[in-house]
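One structure is given below, encoded as structure tokens.
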Amino acid sequence: MSGAGELRAFSNDLGKIASKALPEVDAVLKKGAQNIKDDLIDGIPSGSSWRGLKGSISYDSMYGIGHAKYEVGPDKGRRGGALGNLYYFGGSRGGGYGDLDGPLARESPNLERELGKVVDKWGDALE
């Protein structure tokens with residue numbers, strides 16, 4: 001087989017593997033989103049006026065053909081969600097106490113490790 005033919009065959013195999021691996025990638029990302037959500041909730045002081053914000057922290061899946069991603073944070077449509085902007089970004093009277101970056105930074109090594117396992121598993125299938 002020529003170099004171009006081998007490249008086409010490899011590309012076809014890679015496309016098949018990517019679609020088969022997507023559910024596993026989604027499962028890893030979902031677990032990471034849950035961990036980040038839990039960490040955000042744990043970061044809100046329980047005995048404060050911000051405690052109403054806890055119930056609004058959620059995540060949304062944006063799973064589609066060829067991709068999986070999650071959005072985590074306060075949902076303005078839920079009770080207490082409007083406090084999210086004040087708690088995390090502040091307003092004219094203060095605020096901006098929350099840490100949005102810390103939970104992601106703490107979860108990133110776990111996500112990278114688990115996604116690496118998925119890549120290794122499916123990479124072995126190419127050999």
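Keep in mind the model is a prediction, meaning the values are calculated, not measured.
Note that CG of D120 is 11.0 Å distant from CG of L115, once rounded to the nearest 0.5 Å. Atom-to-atom distance recorded for L29:CG and Y63:OH is 10.5 Å, nearest 0.5 angstrom.
Evaluation of the side-chain hydrogen bond (donor to acceptor under 3.5 Å, both in side chains) rule for Y59 yields Q34 as partners, not counting sequence neighbours. Scanning for side-chain hydrogen bond (donor to acceptor under 3.5 Å, both in side chains) contacts around E24 gives K121, W122, with sequence neighbours left out. With sequence neighbours excluded, no residue satisfies salt bridge (charged side-chain N to carboxylate O under 4.0 Å, His left out) with K31. Scanning for side chain to side chain contact (heavy atoms under 4.5 Å, CB included) contacts around I44 gives W50, L53, K54, I57, Y87, Y88, with sequence neighbours left out. Residues meeting the side-chain hydrogen bond (donor to acceptor under 3.5 Å, both in side chains) test with K37, sequence neighbours left out: none.
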Return a table of donor-acceptor pairs under 3.5 angstrom between the side chains of residues 95-112 and protein atoms on other chains or two or more places apart.
unit_1: D99; atom_1: OD1; unit_2: D101; atom_2: N; d: 3.2
unit_1: D99; atom_1: OD1; unit_2: G102; atom_2: N; d: 2.9
unit_1: D99; atom_1: OD2; unit_2: G102; atom_2: N; d: 3.4
unit_1: R106; atom_1: NE; unit_2: D39; atom_2: OD2; d: 2.8
unit_1: R106; atom_1: NH2; unit_2: D39; atom_2: OD1; d: 3.3
unit_1: R106; atom_1: NH2; unit_2: D39; atom_2: OD2; d: 3.2
unit_1: E107; atom_1: OE1; unit_2: N35; atom_2: ND2; d: 3.4
unit_1: E107; atom_1: OE1; unit_2: N110; atom_2: ND2; d: 3.3
unit_1: E107; atom_1: OE2; unit_2: N35; atom_2: ND2; d: 3.2
unit_1: S108; atom_1: OG; unit_2: L104; atom_2: O; d: 2.8
unit_1: N110; atom_1: OD1; unit_2: R113; atom_2: NH1; d: 3.2

Could you pull out all donor-acceptor pairs under 3.5 Å where a side-chain atom in residues 68-81 meets a protein atom, sequence neighbours excluded?
unit_1: Y70; atom_1: OH; unit_2: D26; atom_2: OD1; d: 2.8
unit_1: Y70; atom_1: OH; unit_2: D26; atom_2: OD2; d: 3.4
unit_1: D75; atom_1: OD1; unit_2: G77; atom_2: N; d: 2.9

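V119 and L22 fall into different hydrophobic clusters, where Ile, Leu, Val, Met, Phe, Trp and Tyr are joined by side-chain heavy atoms under 4.5 Å apart, directly or via other members.
Here the shortest heavy-atom pairing between G52 and L83 reads C-CD1, 4.4 Å.
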